[in-house]
Amino acid sequence: MIIATWNVNSVKQRLGHLQKFLTETRPDVLCLQEIKCVDEAFPRLEVEDLGYNVAVHGQKGFNGVAILSRLPLADVTPRLPGNEEDVQSRYLEAVISLPGGKSVRVASIYLPNGNPIGTEKFTYKLAWMDRLRNHAAELLALEEPTILGGDYNVIPEFKDVSDPEAWANDALLQPESRAAYRRLLGLGYTDALRACDDRGGLYTFWDYQAGAWQKNKGIRIDHLLLSPQAADRLKEVEIHKRMRALDKPSDHVPVSVTLDLPTD
DNA sequence: ATGACCTAACTTTTAGGA
């Protein structure tokens, strides 16, 4: 079973790339972030034509997440618990039904950017991460295979950034952000990429500006966190770097995990 | 050496991103 995550930076602008990725990689599940449209504007028919069920939690103009699945989706739940007044569309959870009565739980996460630091945006980011930790702890108690995939907007370690000085005052690299991410792992989740490869220089985002892609000035901020029941099935992780070299790309590339779970 | 982008929207400028 292949489960992937991708910040597409507008699903309408990126439909061609999305179709290409779904056709070539055939993930069983794809978590999308920054779809940047309302539910009604999501290119549902085009995605369904490729054999996917679609769950969308959109928002006008920015944010917005979705989950695409070749297998049936159940218990589709938008919004992260813990703040009823938070209207930003950054979280969508669903249960994917597998043959033989098994299932996996998947969440598509678009964690707040938090810039600039020292403002309410950074406070919102840390509060959101606290809510995520509380919910992630509750999910662990279910003792199911659970995959929390998304754009975490956190650079976990210095080996995950090519130019640390350039990011020194950025919310993505602040000690508080990294500590909050580390607390997620401390609950018992596994960073899938790190479980498979301990090298530095493995990036998922390259800025559009200043030739960042050409100079390989990237950062690793798109992550797949696995519950113990999912981590036990982990086979491999792939960063789909080729998607960044296409014409008019997203600034993020897809990341996928292969789990030893039968889908037929 | 320096500067260099992209997207959506009540669009010709601003807000948001990272």
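Here is how names work: the chains are called A, B, and so on, in the same order as the sequence lines, proteins then strands, and each is numbered from 1.
Residue A:Lys217 contributes atom NZ, which lies 16 Å from atom P of B:dC5 at whole-angstrom precision. Between the C1' atom of B:dC5 and the CG atom of A:Asp247 lies a distance of 14 Å, rounded to the nearest Å. Atom NZ in A:Lys125 sits roughly 10 Å away from atom P in B:dG17 (whole-Å rounding). With rounding to whole Å, A:Gln88 atom CD is found 10 Å from B:dG16 atom C1'. The separation between A:Phe205 atom CZ and B:dC6 atom C1' is 10 Å, rounded to whole Å. Rounded to an integer number of Å, the gap from A:Leu111 CG to B:dG17 P is 12 Å. Straight-line distance from the OH atom of A:Tyr124 to the P atom of B:dG16: 13 Å, rounded to whole Å. For the pair A:Asn7 CG and B:dA18 P, the interatomic distance rounds to 6 Å; values are reported in whole Å.
Annotation: B:dC10 and B:dA15 have their P atoms spaced 14 Å apart (nearest Å). Nucleotides B:dT11 and B:dT7 place their C1' atoms 12 Å apart, quoted to the nearest Å. B:dT12 and B:dA8: their C1' atoms are spaced 14 Å apart (whole Å). Comparing the C1' positions of B:dA1 and B:dT14 gives an interatomic distance of 31 Å, to the nearest angstrom. The same atom, C1', is picked in B:dA18 and in B:dC5; the two are 11 Å apart, to the nearest Å.
Rounding to the nearest 0.5 Å places CE of A:Met243 at 6.0 Å from NE2 of A:His17. Atom OG of A:Ser162 and atom CZ of A:Arg220 lie 14.0 Å apart (nearest 0.5 Å).
Panel note: side chain A:Asn7, backbone A:Gly150; no donor-acceptor pair is recorded below 3.5 Å. In this structure, A:Arg70 contributes its side chain and A:Asp28 its backbone to no donor-acceptor pair below 3.5 Å.
By the side chain to side chain contact (heavy atoms under 4.5 Å, CB included) test, A:Val76 is found to be paired with A:Ala55, A:Leu73, A:Leu92, A:Ala94, residues two or more places apart in sequence or in another chain being considered.
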Exercise. Could you encode protein contacts along nucleotides 7-15 of chain B as a string, one character per nucleotide from 5' to 3', using B for base contact, S for sugar-phosphate-only contact and - for no contact, with a heavy-atom cut-off of under 4.0 Å?
Key: SSSS-----

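A:Ile239 and A:Leu224 fall within a single hydrophobic cluster, where Ile, Leu, Val, Met, Phe, Trp and Tyr are joined by side-chain heavy atoms under 4.5 Å apart, directly or via other members. Residue A:Val154 is not grouped with residue A:Ile219 when hydrophobic side chains (ILVMFWY) are merged at heavy-atom distances under 4.5 angstrom, including chains of intermediate members. Both A:Val237 and A:Ile147 are members of a single hydrophobic cluster when ILVMFWY side chains are connected at heavy-atom separations under 4.5 Å.
At a threshold of 4.0 angstrom between heavy atoms, the contacts of A:Arg90 are confined to the sugar-phosphate backbone, with no base atom among them.
Proximity of residues 148-157 of chain A to DNA chain B (heavy atom under 4.0 angstrom from any strand atom) is restricted to A:Asp151, A:Asn153. Within residues 163-183 of chain A, the residues that have a heavy atom under 4.0 Å from DNA chain B are, in order of number, A:Trp167, A:Leu172.
For the pair A:Val8 and A:Arg14, the tightest heavy-atom approach, listed with the atom from each and the gap, is O-NE, 2.9 Å.
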Compile the donor-acceptor pairs under 3.5 Å between side chains in residues 176-185 of chain A and protein atoms, sequence neighbours left out, one pair per line.
from: A:Ser177; atom 1: OG; to: A:Ala171; atom 2: O; distance (Å): 2.7
from: A:Arg178; atom 1: NE; to: A:Pro156; atom 2: O; distance (Å): 3.3
from: A:Tyr181; atom 1: OH; to: A:Asp191; atom 2: OD2; distance (Å): 2.8

Kindly list each side-chain donor-acceptor pair under 3.5 angstrom involving residues 254-264 of chain A, sequence neighbours excluded, with atom names and distances?
from: A:Ser256; atom 1: OG; to: A:His240; atom 2: NE2; distance (Å): 2.8

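The pair A:Asp86-A:Arg131 meets the salt-bridge criterion, with a side-chain N (NZ, NE, NH1 or NH2) lying under 4.0 Å from an Asp/Glu carboxylate O.
A sub-4.0 Å separation between OP1 or OP2 of B:dA18 and a side-chain N or O of A:Tyr110 is present.
Along DNA chain B, the nucleotide nearest A:Gly211 and the nucleotide nearest A:Ile221 are compared for position; the residue whose nucleotide lies closer to the 5' end is A:Gly211.
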